[in-house]
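In what follows, a single structure is set out as structure tokens and then discussed.
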Amino acid sequence: MRISKLFGKTQREIPAEADTASHQLLLRAGMIHQVAAGVYSYLPLAWRVLKKIENIIRDEMDKAGGQELMMPVLQPLELWQETGRDLAFGKGLFTLSDRKERKLCLGPTHEEVITKLVSANVQSYRDLPLMLYQIQAKFRDEPRPRAGLIRAREFTMKDLYSFDTDEDGLDQSYNKMLQAYRNIYSRCGLPALLVDADSGAIGGKDSHEFMVIAESGEDEIIYCPGCQYAANADKAESIKSKIDSEETLPLEEVDTPGMATIEEVSGLLKVPQSHTLKAVFYIADGKLVFVVIRGDIEVNEVKLKNVLHCIELRMATEAEVIEAGIVAGSASPIGISGIKIIADDSITSGTNFVAGANKPDTHFRNVNYPRDFKADIMADIAKAHAGEECPRCSGKLSSTHGIEVGHIFKLGTFLSEKLGAFFIDQSGVSQPIIMGCYGIGLGRLLAAAFEQNHDDKGIIWPLPIAPYQIYLCPLYLENPQVAAAAESIYAELEAQGLEVLFDDRNESPGVKFNDADLLGIPVRVTISPRTLETNSVEIKKRSEKEFDLLPLEGVAKRLKELITSSL
RNA sequence: CGGGGUGUGGCGCAGUUGGUUAGCGCGCAGCGUUUGGGACGCUGAGGUCGGAGGUUCAAGUCCUCUCACCCCGACCA
């Protein structure tokens, strides 16, 4: 490809709208163009990268036993109402009406469509297992699209769905995908960390995410440097510090005038925060719930949402709390009825806590569970933090940020039961098909590659996903010897099947070198009167500072060997 | 949805208490001189100042409404 003909211009200045490295560089390199918030056009360079990523993914999916197919973007909303997931997605679903006022949506994912498809085509255990996938645009009306391609509203995703007859089969499919995903990231030159993830309200037992560590990542990862434990902060567990138990004492009221927060109460009564109980109020699908947790621990709302099996969860407003007859600031579950009480398991160790007395300006000392109150649900709903103990090896947990570049789920039978995807097993009994789903966002993977591989000059593409392999960079093209050598090397490189970006512009060396660095093509080949004096060309890798001189004679072959050996 | 911010040629920005024909840098086109890490000179093209309404003799500038985009949070398979 000749740069003079390439669609898309590089820019010297950083576009004001971008402040993430990948977003800035993608814009400066002329690879993407914004159409609306979270909606982008991909210019030829980005499109080439995307196709390379796509081919790597397709190859790995096929090797793992996947069959590619294509489902529609346009889906009847009715299908989503059947599973109730229209509510789970809520406003995230792009909906529209056709001319007959039938409601449709743009697919944010395809579990519903594929489950119907499979149910129509699978009757017997003999038809299973199955792995089906597609690579297609997805639409999600994100509350806040951000950082260019990292969180977009329209994005390309590979989504594979597995269908098995039993849990063992699901485990096998899941492990095949896990390995295929590892292969994909390694082939794309991206180190991705496997972390435990939350599977959401309808998810099944296991779920993992693949994370590329990056400052700009949206997700917090809690991990243990000592063992292999790593989890999304939404899911992460930690060992809660143990509180010494003493002999339980009788309840005792104390005056705490004007004291409402845990800090104030623990300060006034001179007890550590870990010896207090905190009351937090949420509205879960419209109903007030009472959450009790140890004073020094925070509530993890994702965990809470999961134990409540609710669709919408938010903090209750003070007015809502008061309206429910609760004394805000001095609340505890003692003597409270008619409200669902959820307790974190942190309250089961330790004794003689300080908690609200459900009277203004009053708290109790010596509150003990379960002597003084009962919880409707007792579970781990605590937020894990760096510095706490690892649940696996008791080492100290650390935290970092990551970009989620893949997510795999064991779905189980929720959708197949709802949508009637059953098979007849060997003994003639009808059973729901056991499902898994596995997604990778291609554009996000591309953006993660930028975040992971760049310097102040631009991107440094890993060779397998670089838009071109070689940047052919002749200097002083008006010099007939240079022009002739450049043209002939260009032809030879192309004849070797190499992907060459030929900078055939009459620009100064500085402009050409800077563009070469910005675009990040792995190998730069410079020809100039200076190199021609010694019948050579200069070879420089984008990732390295030094350069080599290679003889002009046979340079295409040498480069072919170099590229092939690095791929 | 709450908070903050920005909208002026393709990009980055300036534009004073309202006052002629809206500027600057980059980029773009032409010519010439140059050029191993973003050269220089000359000439030139390109703008309904996000949109609507209003105040005024006069609005990029003031007022009202509105739209879009960005950031933080909430939210998010």
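Chain naming here is simple, since letters A, B, ... match the order of the sequence lines and numbering starts at 1 in each.
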| Can you tell me if the side-chain N/O atoms of A/Gln34 get under 4.0 Å from OP1 or OP2 in B/C70? | yes
Query raised in the report: How far, in whole Å, is B/U8 from B/G3 if one measures between their C1' atoms?
Result: 27 Å
task = Kindly confirm or rule out a cation-pi arrangement of A/Arg444 over A/Phe155, judged by NZ or CZ under 6.0 Å from the six-membered ring centre and within 45° of its axis?
result = no
Between CD of A/Gln11 and P of B/G9 the distance, given in whole Å, is 14 Å
Taking any heavy-atom pair under 4.0 Å as a contact, classify A/Ile14: base, sugar-phosphate, or nothing.
sugar-phosphate
Task: A/Ser528 side chain near B/G36 phosphate (N/O to OP1/OP2, under 4.0 Å) - done: no
To the nearest angstrom, the CD-P distance between A/Glu507 and B/G37 comes to 15 Å
Do the rings of A/His407 and A/Phe409 sit parallel, tilted or perpendicular, given the 30° and 60° boundaries?
-> parallel
To the nearest angstrom, the CZ-P distance between A/Arg151 and B/C71 comes to 12 Å
If pairing means Watson-Crick or G-U wobble with both distances under 3.5 Å, then the partner of B/C1 is B/G73
In whole angstroms, the gap separating P of B/G37 from CG of A/Asn514 amounts to 10 Å
Test: A/Lys410 cationic atom under 6.0 Å from A/Tyr174 six-membered ring centre, within 45° of axis:
yes
Rounded to whole Å, CZ of A/Arg146 lies from P of B/C76 at a distance of 16 Å
task: Just call it for A/Lys457: base, sugar-phosphate, or nothing, with non-hydrogen atoms closer than 4.0 Å on any strand.
output: base
Sugar-phosphate, base or nothing in reach of A/Ala147, heavy atoms under 4.0 Å: sugar-phosphate
| said: OP1 or OP2 of B/G12 versus the side-chain N and O atoms of A/Arg12: is any pair under 4.0 Å? | reply: no
Checking N1-N3 plus N6-O4 or O6-N4 for Watson-Crick, or N1-O2 and O6-N3 for wobble, each under 3.5 Å, the partner of B/C65 is B/G51
- Distance-only donor-acceptor test, A/Glu538 side-chain atoms vs B/G36 base atoms, 3.5 Å: yes
From the candidates B/G36, B/C13, B/G25, the one with an atom nearest any side-chain atom of A/Ala16 is B/C13
Contacts of A/Lys9 and A/Met157 projected onto RNA chain B by closest heavy atom; the upstream (5') one is A/Lys9
*Taking the C1' atom of each, how far is B/G10 from B/A29, in whole Å?*
14 Å
Quick note, A/Tyr40 side chain, CB onward, closest among B/G36, B/G37, B/C70 is B/C70
Whole-Å distance, A/Leu475 CG to B/G38 C1', equals 14 Å
From CG of A/Leu27 across to C1' of B/C69 the rounded distance in Å is 13 Å
*What nucleic acid atoms does A/Glu142 come within less than 4.0 Å of, heavy atoms only: base, sugar-phosphate, or nothing?*
base
Quick check: any donor-acceptor pair below 3.5 Å linking the side-chain of A/Glu13 to the base of B/G25?
yes
A/Asp503 CG to B/U35 P, in whole Å, measures 19 Å
Practice task
Assign A/Pro145 to base, sugar-phosphate, or nothing according to its heavy-atom contacts below 4.0 angstrom with the strands shown.
Solution key: sugar-phosphate
For the residue pair A/Tyr161 / A/Asp159, report whether a side-chain donor-acceptor contact shorter than 3.5 Å exists. yes
Picking from B/G37, B/G36, B/C70, the nucleotide nearest the side-chain atoms of A/Ala37 would be B/C70
key: Under 3.5 Å donor-acceptor pair, A/Arg28 side-chain atoms to B/G10 base atoms   = no
Exercise for review: Have a look at A/Thr10 and say if it touches a base, only the backbone sugar-phosphate, or nothing, with a 4.0 Å heavy-atom cut-off.
Suggested key: nothing
In Watson-Crick or G-U wobble terms, with both distances under 3.5 Å, the base opposite B/U35 is none
Using Watson-Crick geometry (N1-N3 plus N6-O4 or O6-N4) or G-U wobble (N1-O2, O6-N3), each under 3.5 Å, B/G18 is paired with none
Between A/Pro15 and A/Tyr438, whichever has its closest RNA chain B nucleotide further toward 5' is A/Pro15
Regarding the side chain of A/Pro143, the nearest nucleotide among B/C76, B/G37, B/A39 is B/C76
Per atom distances to the A/Ser508 side chain, the nearest of B/C69, B/G36, B/A39 is B/A39
- Query: According to a strict under-4.0 Å criterion, is A/Arg144 in side-chain N/O contact with OP1 or OP2 of B/C75?
  - Reply: no
Looking only at atom P, what distance separates B/G23 and B/G60, rounded to whole Å? 13 Å
Pairing partner of B/G25, by Watson-Crick or G-U wobble and under 3.5 Å for both distances, is B/C11
ask   = On a whole-Å scale, what distance lies between the P atoms belonging to B/G4 and B/G47?
value = 36 Å
How would you label the contact of A/Glu478 with the nucleic acid (heavy atoms, under 4.0 Å): base, sugar-phosphate, or nothing?
-> base
Check for a donor-acceptor pair, side chain of A/Lys303 on one end and backbone N or O of A/Ala236 on the other, with a separation under 3.5 Å. yes
inquiry  = For the P atoms, the ones on B/C63 and on B/G7, what distance do you get once it is rounded to whole angstrom?
reply    = 15 Å
Can you list the steps and then say if A/Lys418 with A/Glu82 is a salt bridge (charged side-chain N to carboxylate O under 4.0 Å, His left out)?
-> CA-CA 7 Å; A/Lys418 284 270 186 190; A/Glu82 261 185 76; over 6 Å; no
Checklist entry - Around A/Arg558, counting heavy atoms of other residues, nucleotides and ligands shown, do more than 12 lie under 6.0 Å from its CZ? => result no
Which of B/C71, B/A39, B/G36 is nearest the side chain of A/Arg530? It is B/G36
Inset, instruction - With heavy atoms under 4.0 Å as the rule, sort A/Asp19 into base, sugar-phosphate or nothing. - result: sugar-phosphate
Check against salt bridge (charged side-chain N to carboxylate O under 4.0 Å, His left out), A/Lys5 and A/Asp504: CA-CA 9 Å; A/Lys5 305 286 180 213; A/Asp504 60 338; over 6 Å; no
